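Some notes on the structure that comes next.
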Protein chains: 2
Amino acid sequence: MSAPESSTKVYIEIVKQLRNMIQVEGYQAGDKLPSERELSERLSVGRSSVREAFRALELLGLIETRRGEGTFIRDFRGHNLVQLLSTFILQDDRARTDIKETKYLIEWDCLWLAAKKVSEEELQSFRNWAESTVYTDDEFFYHIILLADNHLFMRMWTILKDYYNSLKFDQEPVAKADYIKLVDSLLSYNEQLIKDQYCKIRNLSSI
Amino acid sequence: MSAPESSTKVYIEIVKQLRNMIQVEGYQAGDKLPSERELSERLSVGRSSVREAFRALELLGLIETRRGEGTFIRDFRGHNLVQLLSTFILQDDRARTDIKETKYLIEWDCLWLAAKKVSEEELQSFRNWAESTVYTDDEFFYHIILLADNHLFMRMWTILKDYYNSLKFDQEPVAKADYIKLVDSLLSYNEQLIKDQYCKIRNLSSI
DNA sequence: AACAGAAACTGGTCTGACCACTGTGTTGAA
DNA sequence: TTCAACACAGTGGTCAGACCAGTTTCTGTT
């Protein structure tokens, strides 16, 4: 490999080449990447440098390597990062407050989006599900986020939920009737009503 | 190192040990970690396995390694992840819509938080800055996010901003007077006024 | 056609060599 | 006494090679 300018590390260059290759050749989740040895030859770098790049991407949850089989693009899940990042980032006392605040606001954003986007039939269907099913708070809001139809919020919420749960807040169980009331407020398309009902569920004075 | 149960890879075990060590021994940003060779001996693993673990954490932006000096805990910045994750995750046409939607809602959330948290003096001081300074849209909203005083939103917004900018949306410049009006609406503590003014800046019918 | 075994592929871990950079201590000259 | 140069010991960076373990493919026999 050509001498790196501005002393970029070889494994970083390899990560860049991999990204480029994935983009240009249109790799999808489940697709197999070239083997370590093949990339080593193709890029004229040591196999251990290729392994370093693969390891880094694997820890991110972007690829997975299987002994005897190969290296594959993964369907990304953020949950690997939560456990990792939580150790390094949110260690101060402020974290708990920020997590709570952020999770609640994103839930509210998704309620708002759901109220805007979702048809009455879909809401009715969701209400039927809410009435006839036993679910956790997470499961209920997972459905809300689905209705909001924003993949990015789904990822963020999923990460926040995992981390929020790991912090073990004291949290009174929410009565099922209150969840139903929240869905009914969505059906009413009344923003203030939705807001009031969500605040009740989360014990907030306002949002 | 003891034989890994359920075939966990050695570098993953090393990452776990590092996380544990950082937590238990209370490492801070800027602190130096034990050297590759020392960890190799201490954990009874190959130096290349330690390097794999370090590389992975470095790519995440959690540590940095400097030749001849050592390995240090970094003050985390999400911006390394944006460039990386964007390639693998948000590749479908939906991404653009989701990014816009999410960024705008987080900006709104932070406006709302700022309106709740910030004293009139702070707002006045910010208004003075806004009047007397030349700034970009990003710089203006960076200050809003600072006023919201939520580290998590700051990180999320920073990541979203970078990615949003990389997508190169057509975006008309905002008149400085409109930024000032937004600050004034904050000073009025009138949520509807804040909302209206933000919608004007972002060309939204509602939020 | 089916099956068993060999071969070739894959990733996983490690050792060792050597290079390049940095920091520290020592030494000799001014 | 001070300062510059040098040696040394530490650090990370890259690589080759060896060997192991799992999976897939190929080949020969029945």
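Numbers restart at 1 for each chain; the letters A, B, ... are given by sequence-line order, proteins then strands. Here the structure is a predicted model, which means the values were calculated and not measured. Side chains are part of it too, since the values below use all heavy atoms of this structure and drop only hydrogens, waters and symmetry mates.
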Rounding to an integer number of Å, can you tell me how far B/F54 CZ sits from C/dT13 P? 16 Å

Kindly say if B/T65 contacts the phosphate of D/dG13, meaning a side-chain N or O under 4.0 Å from OP1 or OP2. yes

Tell me what A/G46 touches on the nucleic acid: a base, only sugar-phosphate, or nothing, going by heavy atoms under 4.0 Å. sugar-phosphate

Between B/S48 and C/dT13, is there a side-chain N or O to OP1/OP2 distance below 4.0 Å? no

Quickly work out the A/E52 CD to C/dG11 P distance and round it to whole Å. 16 Å

A/S49 side-chain N/O to D/dG13 phosphate OP1/OP2 under 4.0 Å: no

Tell me whether the NZ or CZ atom of A/R66 lies within the 45° cone about the ring axis of A/F54 and under 6.0 Å from its centre. no

Grab the CD-C1' distance between B/E38 and D/dG12 for me, whole Å please. 14 Å

Do B/T65 and B/E58 pair up side chain to side chain, a donor and an acceptor below 3.5 Å, judged on atom types alone? yes

Could you check A/Y11 against A/E69 and say which one's nearest nucleotide on DNA chain D is further toward the 5' end? A/Y11

Nearest-nucleotide 5' precedence on DNA chain C, B/S40 against B/R37: B/S40

Would you mind reading off the distance between B/R51 atom CZ and D/dT11 atom C1', rounded to a whole angstrom? 11 Å

Whole angstroms only, please: what is the CD-C1' distance between B/E36 and C/dC19? 14 Å

Is there a side-chain polar atom (N or O) of A/R55 under 4.0 Å from OP1 or OP2 of C/dT13? yes

Before we go on, tell me: are the rings of B/Y135 and B/Y142 under 6.0 Å apart, centre to centre? no

A/V45 side chain: which of D/dC15, D/dG12, C/dT10 is closest? D/dC15

Distance below 4.0 Å between A/R67 side-chain N/O and C/dC9 OP1 or OP2: no

Please report the distance, rounded to the nearest Å, between CD1 in B/I12 and P in C/dG12. 10 Å

Verify whether one side chain among A/E131 and A/Y179 offers a donor that lies under 3.5 Å from an acceptor in the other. no

In whole Å, what is the span from the CD atom of A/E64 to the P atom of C/dG12? 11 Å

How about A/E52 and B/Y11: does a side-chain donor come under 3.5 Å of a side-chain acceptor? no

Nearest-Å distance for atom pair CZ/P, residues B/R47 and D/dA16: 16 Å

Could you tell me whether B/R66 contacts a base, only the sugar-phosphate backbone, or nothing, with contacts defined as non-hydrogen atoms closer than 4.0 Å? sugar-phosphate

